**Student:** 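Please find one structure pasted underneath; my questions will follow.
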Amino acid sequence: MKKMKVFLATMVISMLSVIPVFAGEWRQSNGRWWYENEDGGYPASQWQEIGGKHYYFGADGYMLENTVTPDGYQVGADGAWIENPKPEAPYYQLLSDPLFYGGAPDYLGDKSIFLLLGYGADLSDCGSYYELNNIELDKYKVYDTEKEARKSSYYNRTGGEIERLSDGRYIVHDDLFDYDTVTAYVGPIYINKDVVVKYYDHTDSSRMHLQHYTCTLEEYFARSGSIEGTTEGYIRARVDQVDSNGYVTIISLLQAG
């Protein structure tokens with residue numbers, strides 16, 4: 001028994017001898033993070049793996065965050081390398097443009113983004129998000145003077161009305177408030193995989209038609225068909241919310257075709 005205790009004690013001492021006494025440690029100065037190595041030095045102008053993640057430290061030794069490193073890699077808010085970053089949404093700035101129209105039909109309002117999902121939609125599953133391609137977003141076509149607006153083909157074709165903007169320029173719409181527009185963006189719209197879907201259930205006659213439900217996109221299409229081709233043909237959807245990166249987070253399904 002005494003020999004066994006001595007043997008176990010020897011094992012513990014042996015194990016402790018291979019563990020560094022001074023491990024590296026994260027430190028913060030002036031609200032920025034840097035890493036002190038176990039030898040007292042710190043990484044600068046280089047990548048370093050810490051706790052299974054890769055971080056880049058600038059020439060001043062501080063960790064980079066929410067940016068692209070000098071060698072072209074993206075790091076997140078925690079400073080860690082994002083191995084498969086989401087693409088930027090080039091349409092995001094357009095959404096805050098006061099001249100943004102959106103391409104929605106009249107009854108949805110001129111600031112809505114209008115999407116078609118379902119059969120025939122070019123919707124790709126990209127892992128953590130969907131990419132809906134070939135979306136067109138518009139802006140109001142603006143005229144510098146009222147005379148120019150009255151000479152426009154749109155005004156003469158529709159017999160519409162002319163509105164004066166706060167900056168003194170003019171836009172034109174018809175009697176149904178369909179505006180004279182120009183294309184401002186053609187390309188993909190990005191939809192978060194955990195997008196919240198709002199819809200009205202018309203399948204159960206025992207419930208009121210205005211009963212409101214929410215689910216994920218996968219849950220909804222599990223009911224009506226696959227994402228690539230729904231049994232209903234297509235779904236009209238209005239974008240209700242996007243996140244700070246321009247990715248759609250809430251949509252309302254309005255009509256099946």
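In this text, all values refer to a predicted model and were calculated from it rather than measured experimentally.
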**Student:** Let me have the donor-acceptor pairs involving side chains of residues 180-189, under 3.5 Å, with sequence neighbours excluded, atom names and distances please.
**Tutor:**
| residue | atom | partner | partner atom | Å |
| --- | --- | --- | --- | --- |
| Asp180 | OD2 | Tyr143 | OH | 2.7 |
| Thr183 | OG1 | Glu136 | OE2 | 3.1 |
| Tyr185 | OH | Pro188 | O | 2.7 |

**Student:** Taking all non-hydrogen atoms of both residues into account, name the closest pair between Asp97 and Leu99 and its distance.
**Tutor:**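 Of all heavy-atom pairs spanning Asp97 and Leu99, the closest is OD1-N, 2.8 Å.
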
**Student:** Check Leu94 against Phe100 and note the closest heavy-atom contact, atom names and distance.
**Tutor:**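 The pair with the smallest heavy-atom distance is O-CB, 3.3 Å.
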
**Student:** Heavy atoms, side chains only, cut-off 4.5 Å: are Lys198 and Ile250 in contact?
**Tutor:**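 A side-chain contact exists here, since the closest heavy-atom pair is under 4.5 Å.
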
**Student:** What's the spacing between Glu88 CD and Asn245 CG if we round to 0.5 Å?
**Tutor:**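 Going from CD on Glu88 over to CG on Asn245, the span is 8.5 Å.
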
**Student:** Applying salt bridge (charged side-chain N to carboxylate O under 4.0 Å, His left out), which residue pairs with at least one partner in residues 140-153 are found, sequence neighbours left out?
**Tutor:**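 Of all non-adjacent pairs touching residues 140-153, those that pass salt bridge (charged side-chain N to carboxylate O under 4.0 Å, His left out) are Glu146-Arg150.
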
**Student:** About how many Å separate OH of Tyr170 and CD1 of Ile162, when rounded to the nearest 0.5 Å?
**Tutor:**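 Going from CD1 on Ile162 over to OH on Tyr170, the span is 8.5 Å.
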
**Student:** Might you point out which heavy atoms bring Val239 and Ile251 nearest each other, and give the distance in Å?
**Tutor:**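 Distance-wise, the nearest heavy atoms are CA-CG2, 4.2 Å.
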
**Student:** Angle class for the Tyr190/Tyr91 ring planes (parallel below 30°, perpendicular above 60°, tilted otherwise)?
**Tutor:**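 Ring orientation, 0 to 90° scale: tilted.
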
**Student:** Does one hydrophobic cluster hold both Ile191 and Val197, with members joined at side-chain heavy-atom distances below 4.5 Å?
**Tutor:**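 Yes, because Ile191 and Val197 connect within a single hydrophobic cluster, where side-chain heavy atoms sit under 4.5 Å apart.
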
**Student:** Look at the side chain of Asn156 and the backbone N and O of Ser152, then say whether any donor-acceptor pair between them is shorter than 3.5 Å.
**Tutor:**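 Yes, the answer is positive, given that a donor and an acceptor are paired below the 3.5 Å cut-off.
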
**Student:** Ignoring hydrogens and geometry, is there a side-chain-to-backbone donor-acceptor pair from Ser124 to Cys126 under 3.5 Å?
**Tutor:**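 Here the side-chain-to-backbone pair does not exist.
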
**Student:** Could you list the residues that satisfy side-chain hydrogen bond (donor to acceptor under 3.5 Å, both in side chains) with Asp167, not counting sequence neighbours?
**Tutor:**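 Applying side-chain hydrogen bond (donor to acceptor under 3.5 Å, both in side chains) to Asp167 gives Arg169.
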
**Student:** Using side-chain contact (heavy atoms from CB on, under 4.5 Å) as the criterion, list what pairs up with Lys86, not counting sequence neighbours.
**Tutor:**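 Partners of Lys86 by the side-chain contact (heavy atoms from CB on, under 4.5 Å) criterion, ordered by chain and then number, come out as Ser128, Tyr129, Asn192, Tyr247.
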
**Student:** Pair Arg27, Tyr35 - check side chain to side chain contact (heavy atoms under 4.5 Å, CB included), show working.
**Tutor:** CA-CA 6 Å; Arg27 298 191 180 278; Tyr35 192 79; over 6 Å; no

**Student:** Nearest 0.5 angstrom please: Glu36 CD to Trp26 CH2, how far?
**Tutor:**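 Atom-to-atom, Glu36:CD and Trp26:CH2 are 12.5 Å apart.
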
**Student:** Whether Asp174 and Arg157 form a salt bridge (side-chain N of Lys/Arg under 4.0 Å from carboxylate O of Asp/Glu) is what I want to check.
**Tutor:**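 So Arg157 does not pair with Asp174 through a salt bridge.
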
**Student:** Show me the side-chain donor-acceptor pairs of residues 48-62 shorter than 3.5 Å, one per line, residues at least two apart or across chains.
**Tutor:**
| residue | atom | partner | partner atom | Å |
| --- | --- | --- | --- | --- |
| Gln48 | NE2 | Asn37 | OD1 | 2.8 |
| Asp60 | OD1 | Tyr62 | N | 3.1 |
| Asp60 | OD2 | Arg32 | NH1 | 3.3 |

**Student:** Under 3.5 Å, which donor-acceptor pairs do the side chains of residues 63-77 form with other protein atoms, sequence neighbours left out?
**Tutor:**
| residue | atom | partner | partner atom | Å |
| --- | --- | --- | --- | --- |
| Asn66 | OD1 | Ala77 | N | 3.2 |
| Thr69 | OG1 | Asp71 | OD1 | 2.4 |
| Thr69 | OG1 | Tyr73 | N | 3.0 |
| Thr69 | OG1 | Tyr73 | O | 3.2 |
| Asp71 | OD2 | Trp47 | NE1 | 2.7 |

**Student:** For Ile135 and Leu137: C-alpha separation, side-chain torsions, deciding distance, then whether side chain to side chain contact (heavy atoms under 4.5 Å, CB included) applies.
**Tutor:** CA-CA 7 Å; Ile135 300 301; Leu137 301 179; 4.1 Å; yes

**Student:** Sequence neighbours excluded, which residues qualify as side-chain hydrogen bond (donor to acceptor under 3.5 Å, both in side chains) partners of Ser166?
**Tutor:**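 Applying side-chain hydrogen bond (donor to acceptor under 3.5 Å, both in side chains) to Ser166 gives none.
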
**Student:** Can you hop from Tyr140 to Tyr154 via hydrophobic side chains spaced under 4.5 Å?
**Tutor:**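 No, Tyr140 and Tyr154 fall in different hydrophobic clusters.
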
**Student:** Looking at every non-hydrogen atom in both residues, tell me the closest pair between Val242 and Leu95 and how far apart they are.
**Tutor:**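 Heavy atoms only, the tightest pair is CG2-CD1, 3.9 Å.
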
**Student:** Asp240: what forms a salt bridge (charged side-chain N to carboxylate O under 4.0 Å, His left out) with it, not counting sequence neighbours?
**Tutor:**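 By the salt bridge (charged side-chain N to carboxylate O under 4.0 Å, His left out) rule, Asp240 matches Arg238.
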
**Student:** Who passes side-chain hydrogen bond (donor to acceptor under 3.5 Å, both in side chains) against Glu163, sequence neighbours left out?
**Tutor:**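 So Glu163 forms a side-chain hydrogen bond (donor to acceptor under 3.5 Å, both in side chains) with His173, Tyr179.
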
**Student:** Excluding sequence neighbours, so at least two apart, what forms side-chain hydrogen bond (donor to acceptor under 3.5 Å, both in side chains) with Thr249?
**Tutor:**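 side-chain hydrogen bond (donor to acceptor under 3.5 Å, both in side chains) check on Thr249 returns Gln241.
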
**Student:** Which heavy atom of Tyr92 sits nearest a heavy atom of Asp243, and at what distance?
**Tutor:**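 That would be CE1-O, 3.6 Å.
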
